[in-house]
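Comments concern the structure below.
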Amino acid sequence: MAEKDMVEKTLESYNDVFADIVNVLLFHGIEKIKEEELEPAVVRSVYKADQKLREQERDTAKYWKKHNIKISLYGLENETSPEDDLPLRVFGYDGASYRDQIFYVKGEDGKYRKNTKPRYPVITLVLYFGVSHWNKPTTIFECVADNLDEDMKPFVTNLKINLFEIAFLSEEQVAMFKSDFRIVADYFVQIRKNKDYIPTDTQFKHVKEVLQMMSVLTKDNRFEEAVNTAAEGEEVKNMCDVLDYVEKRGEERGEKRGEERGEKRGEKQGEMKKAKETAINMKARGFSNEDISDLVGVDLEMVKKWFLDELATVS
């Protein structure tokens with residue numbers, strides 16, 4: 001899990017990608033934040049619960065600085081599925097970042113004094129990569145709804161998370177991205193809208209990091225294999241190159257494993273046809289390839305090959 005989390009954050013840790021995400025999602029594509037104005041921020045903080053010290057960690061965080069003055073702190077949180085307590089978690093991150101701004105420093109006289117540097121705002125962006133809408137709480141009020149009555153509301157801080165559903169961005173928004181994040185966003189938008197992905201010839205800048213992030217977010221190991229292919233010296237310049245490799249490997253493995261399982265189980269042609277029809281119907285309803293594979297009892301690579309064959313027939 002730790003390795004997965006680290007891989008997921010690597011692409012966004014690049015200043016050009018981080019600045020691009022913030023500029024598009026918050027400032028409508030205006031280049032308000034420049035990559036050279038960003039520097040890494042501390043992502044870990046400690047809090048006390050049940051008489052024990054516990055640690056919490058953001059996905060990615062950076063200071064926006066000008067003339068060595070901190071203007072603001074931005075944090076990114078990646079989510080692949082809706083989470084009940086996310087507003088509480090984000091509230092904890094932001095609170096810790098504000099608390100850090102009043103830390104005490106030891107002076108030359110040995111006395112501790114409160115930090116007197118100008119305070120700065122803290123902004124957290126939640127990037128949700130699901131292909132169905134977020135259906136969990138987005139505010140503190142929603143999280144504590146079971147015990148919140150109307151008389152309490154004026155006295156409860158109702159933080160609302162800054163939620164961005166990447167798969168539901170408009171084509172105009174996707175086109176605003178200048179970094180490799182455009183490739184990631186375009187993939188999820190296409191999959192959500194068309195249940196299919198047609199790659200573009202947009203060139204990678206961070207090839208390995210894009211493909212590793214795609215592998216984690218989609219749970220498709222073939223993106224990871226494409227990373228290894230690039231590492232071995234084969235040219236992978238854009239998603240067209242990646243998809244060529246992915247489809248080739250999918251066909252080879254799907255045919256081999258599908259035949260082996262078919263012989264082993266003694267499946268009849270009619271049963272396999274019914275399973276394929278069920279799989280296609282489930283795909284249209286938004287089920288993931290992994291869930292479909294488990295539910296119909298057919299190898300994952302064969303399920304993916306079915307969808308490729310179906311798309312070829314339609315086109």
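- Ion pairing between a basic and an acidic side chain is recognised when a charged N comes within 4.0 Å of a carboxylate O; R113 and D109 show such pairing.
- Using a 3.5 Å distance cut-off with no hydrogens or angles, the side chains of H206 and D16 do pair a donor with an acceptor.
- Heavy-atom minimum distance, I33 versus A19: O-CB, 3.8 Å.
- Counting heavy atoms from C-beta outward, L86 and W134 have side chains that approach closer than 4.5 Å.
- Side chains of L76 and F18 form a contact here, defined as non-hydrogen atoms less than 4.5 Å apart.
- In summary, the side chains of N78 and E12 do present a donor paired with an acceptor at a separation below 3.5 Å, with no hydrogens or angles considered.
- With no hydrogens or angles considered, no side-chain donor-acceptor pair links Q101 and S97 at under 3.5 Å.
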inquiry  = Run Y128 and K136 through side-chain contact (heavy atoms from CB on, under 4.5 Å) and show every step you take.
reply    = CA-CA 12 Å; Y128 169 55; K136 296 296 184 180; over 6 Å; no
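- For K208, the NZ atom sits in a loose shell: 12 or fewer heavy atoms of surrounding residues, nucleotides or ligands are nearer than 6.0 Å.
- Under the 3.5 Å distance criterion, with hydrogens and angles disregarded, a donor-acceptor pair is assigned to the side chains of D186 and Q190.
- Minimum heavy-atom separation, P87 to I140: O-CD1, 3.8 Å.
- A salt bridge between R58 and D94 is present, with a side-chain N of the basic residue lying under 4.0 Å from a carboxylate O of the acidic one.
- Atom CG of N68 is surrounded by 12 or fewer heavy atoms from other residues, nucleotides or ligands within 6.0 Å.
- Using a 4.0 Å cut-off between a side-chain N of Lys or Arg and a carboxylate O of Asp or Glu, E165 and R192 do not qualify as a salt bridge.
- In this structure, the ring pair (Phe, Tyr, Trp, His ring centres under 6.0 Å) partners of H133, at least two apart in sequence or on a different chain, are F168.
- Two residues are said to be in side-chain contact when any heavy atoms from C-beta on lie closer than 4.5 Å; L125 and L25 meet this criterion.
- No hydrogens or angles considered: nothing links the side chains of S293 and E290 as a donor-acceptor pair under 3.5 Å.
- A donor-acceptor pair under 3.5 Å is absent between the side-chain atoms of R182 and the main chain of M176, judged by distance alone.
- Looking at Q212 and F223, their side chains never come closer than 4.5 Å, going by heavy atoms from C-beta outward.
- Pairing each heavy atom of N15 with each of L38, the nearest pair is ND2-O, 3.3 Å.
- Residues Y120 and I71 come closest through the heavy atom pair CB-O, 3.4 Å.
- Under the 4.5 Å side-chain criterion, counting only non-hydrogen atoms from C-beta, F181 is in contact with L127.
- For the pair F177 and I21, the tightest heavy-atom approach, listed with the atom from each and the gap, is CE2-CA, 4.0 Å.
- Ion pairing between E171 and K193 holds under the 4.0 Å rule for side-chain N and carboxylate O.
- For the pair K62 and Y74, the NZ or CZ position fails the cation-pi test of under 6.0 Å to the six-membered ring centre and within 45 degrees of the ring normal.
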